[in-house]
Amino acid sequence: LAKKNLALRPEDCFVLCKYFSDAASSWASDFETHVILRRLPLFLTLQGTVSKIGKNEVFVVPGELPKTDMEAWETQQQVLFIVHQNGLEELYEALHFKTVTTTVAYTSYIFRHFEFLSSEAQEEHLRFIKDNKLPHLEEEDRLMILQGLQNLEFLKDADGFLRKASEFYDPYHPVFKEMLQQGGSSFPPAPFCEFKWLDFMRKIGLQHDVTAEMFIHFANEVAYEAKSDPTQQTFDKARTLVTHLFKVKNLPAEELLDKLVDIAFIPAAKVNSTLNKISPAYGERKAAEQVFISFKEGIPENDEVLVWTSSYLLPDWANPFKLTETDVQYSKSCSEESGISSLQDYIHQIANILKIQEHPQVDLVVSHIQNICKAGIVKNPQMDELQAFMKVDVMKRVYRHFLERIEQDPSNETMTQMETIGEIPCIVTDLGKTFVRPTQVSINLYEEDQIMPYLYKAPTELGEFKKLFLTLG
């Protein structure tokens, strides 16, 4: 057989090998027998062919391993993988073959020279591990395989260099998807970027969590982009980041919020166009230009009519006071350890750290009505009935806010602030076309007794605010 290079059927080879295996004790120390057996084509390779051993180093592996390109080890390193066959263990030991498990075959040999395999063969091996091995391995073997895969450079980046899975990001994570460049080297190449590979890729190192450092980096990136050339994508990035931020588990306990306070990456809410005609919005720019602010620079959007001329507006989607259970990962047990007793307490903690006011301070509202009152004194030929009506509606909201503050906090500080308001023309008359000082308004006065522009009768539609007007003087 050895001289004529004849080939036997695999089953015939097994019979011969079984004979020598059973008689191994009689020839194991005979060098000539070793040489002859190594020259005989008796051994079944992974590729399903019968081969001689020659001078190759031999590893006996389970027959379940994928076969594609496995002959590369013989040509590159004089290593031959043969299929383990039950009953031939004595033969393997006598010929000094190394019998290894699937786990050892991969971690000690195949992974070390994974580049010997073609791209198709690599994918076949990884699919075999993903679908056939990992779900069934014992924990120790499973950890060995995963560790080997975590150190395996098999993913080509855009420049053709091989990288580990940990050097790429989860293409299905909304933050990475929005913030990182599509088509570059941020995401794994096909097919490993497909959803069916996602769980496997995460297990072997694919970055799928946004760390605090990453988040700060992304927020600063949006802030820089907002200063230079903001686009709709800049807006989308900011909204994606904020949505993710509020879903961070046990957020108040993280140091992340403290580092975000001063970063201007939030697009300020746009002021209602009709309100903008009454008086220009705070920090007004060109209509198409988006202003970006930090959390602490904005007053919640729902208080727009109270501050639109004196403060930026924080959009509802960035307002922690608008959060519900579905918007956060609030764990009562974890929160109680941090001294947080309820969801509302949890939300207030977030707002406090970000320095967000639930409602505007009195001084901001005072500044706001001063701006509106000044605008009301100026003769504006373009002002129509709708704008005048809106002024009345706005001032009603302002009066109601001040009345609530007096009722909730009748302190000396509040009263001092009210005195400041009493010195400016803040009471709207003449159906929204005129503003007068509180001292120019009388509650008990007939219309025919008015002395314009010095004394006015309090408008009947503002009767509910009698207590406030008396406080203002």
Side-chain angles (χ1 to χ4, degrees), residues 235 238-243 245-247 251-252 257 260-261 264-284 287 290-328 330 342-372 375 386-387 389-409 414 417 421 426 428 464-465 468:
F235 180 96
R239 184 154 190 173
T240 300
L241 285 176
V242 171
T243 300
L245 174 67
F246 290 144
K247 287 188 177 292
L251 181 58
L257 294 178
L260 281 177
V261 171
F265 75 105
I266 309 295
K270 294 288 184 70
V271 173
N272 179 287
S273 59
T274 303
L275 297 180
N276 212 21
K277 289 177 182 177
I278 295 174
S279 185
Y282 179 78
E284 184 183 47
Q290 176 69 65
V291 179
F292 282 72
I293 60 174
S294 63
F295 278 107
K296 68 178 184 180
E297 290 179 282
I299 295 297
E301 186 179 6
N302 51 290
D303 284 326
E304 174 186 32
V305 296
L306 301 178
V307 293
W308 88 79
T309 69
S310 59
S311 174
Y312 292 118
L313 301 177
L314 187 69
D316 285 341
W317 52 263
N319 180 5
F321 295 107
K322 292 283 186 179
L323 295 174
T324 64
E325 288 186 3
T326 58
D327 300 317
V328 298
Y330 168 69
S342 66
L343 177 61
Q344 283 303 110
D345 192 17
Y346 180 86
I347 289 170
H348 276 80
Q349 286 270 18
I350 294 173
N352 288 339
I353 298 171
L354 291 175
K355 300 181 180 178
I356 299 172
Q357 304 171 35
E358 187 171 8
H359 297 293
Q361 296 292 332
V362 171
D363 57 341
L364 274 179
V365 184
V366 170
S367 176
H368 174 59
I369 62 173
Q370 285 177 321
N371 294 331
I372 295 177
L386 175 62
Q387 288 172 301
F389 172 79
M390 286 297 294
K391 278 193 174 184
V392 175
D393 188 58
V394 167
M395 292 310 296
K396 281 184 176 180
R397 286 284 304 274
V398 172
Y399 300 150
R400 196 167 291 117
H401 173 74
F402 283 143
L403 198 55
E404 289 174 358
R405 289 299 293 263
I406 292 172
E407 292 172 350
Q408 293 173 6
D409 180 26
T414 300
Q417 290 171 331
I421 301 169
C426 62
V428 61
E464 62 179 298
F465 306 111
L468 172 66

Quick one: [atom1] on [X] to [atom2] on [Y], what's the gap to the nearest 0.5 Å?
X: Ser342; Y: His348; atom1: OG; atom2: NE2; answer: 9.0 Å
X: His359; Y: His401; atom1: NE2; atom2: NE2; answer: 8.0 Å
X: Lys322; Y: Leu314; atom1: NZ; atom2: CG; answer: 11.0 Å
X: Thr309; Y: Gln370; atom1: OG1; atom2: CD; answer: 9.5 Å
X: Phe246; Y: Thr324; atom1: CZ; atom2: OG1; answer: 11.5 Å

Over all atoms of both residues, closest heavy-atom pair of [X] and [Y]:
X: Ala318; Y: Phe295; answer: O-CE2, 3.4 Å
X: Glu297; Y: Tyr312; answer: O-CB, 3.8 Å
X: Pro360; Y: Asp303; answer: CD-OD2, 3.2 Å
X: Trp308; Y: Leu275; answer: CZ2-O, 3.1 Å
X: Ala281; Y: Val271; answer: CB-CG2, 3.5 Å
X: Trp317; Y: Ala238; answer: CZ3-O, 4.1 Å

Q.
Using side-chain contact (heavy atoms from CB on, under 4.5 Å), reason through Ile369 and Val394 one step at a time and then give a plain yes or no.
A. CA-CA 10 Å; Ile369 62 173; Val394 167; over 6 Å; no
Q: Just jot down the side-chain contact (heavy atoms from CB on, under 4.5 Å) partners of Ala351, sequence neighbours excluded, or say none.
A: Pro320, Phe321, Ile356
Looking at side-chain heavy atoms only, is the closest gap between [X] and [Y] below 4.5 Å?
X: Val261; Y: Ser294; answer: no
X: Leu245; Y: Leu257; answer: yes
X: Val366; Y: Phe402; answer: yes
X: Leu313; Y: Tyr282; answer: no

Whether [X] side chain and [Y] backbone form a donor-acceptor pair below 3.5 Å:
X: Tyr346; Y: Pro252; answer: no
X: His368; Y: Val305; answer: yes
X: Glu304; Y: Asn272; answer: yes
X: Lys296; Y: Ile353; answer: no
X: Ser367; Y: Asp363; answer: no

Q: Please report the C-alpha distance between Asn319 and Glu301 in whole Å, then the side-chain angles of each, then the deciding distance to 0.1 Å, and finally whether the side-chain contact (heavy atoms from CB on, under 4.5 Å) criterion is met.
A: CA-CA 8 Å; Asn319 180 5; Glu301 186 179 6; over 6 Å; no
(Q) Apply side-chain contact (heavy atoms from CB on, under 4.5 Å) to residues Leu323 and Leu343 and explain how you reach the verdict. (A) CA-CA 9 Å; Leu323 295 174; Leu343 177 61; over 6 Å; no
Q: Determine whether more than 12 heavy atoms belonging to other residues, nucleotides or ligands lie under 6.0 Å from atom NZ of Lys355.
A: no
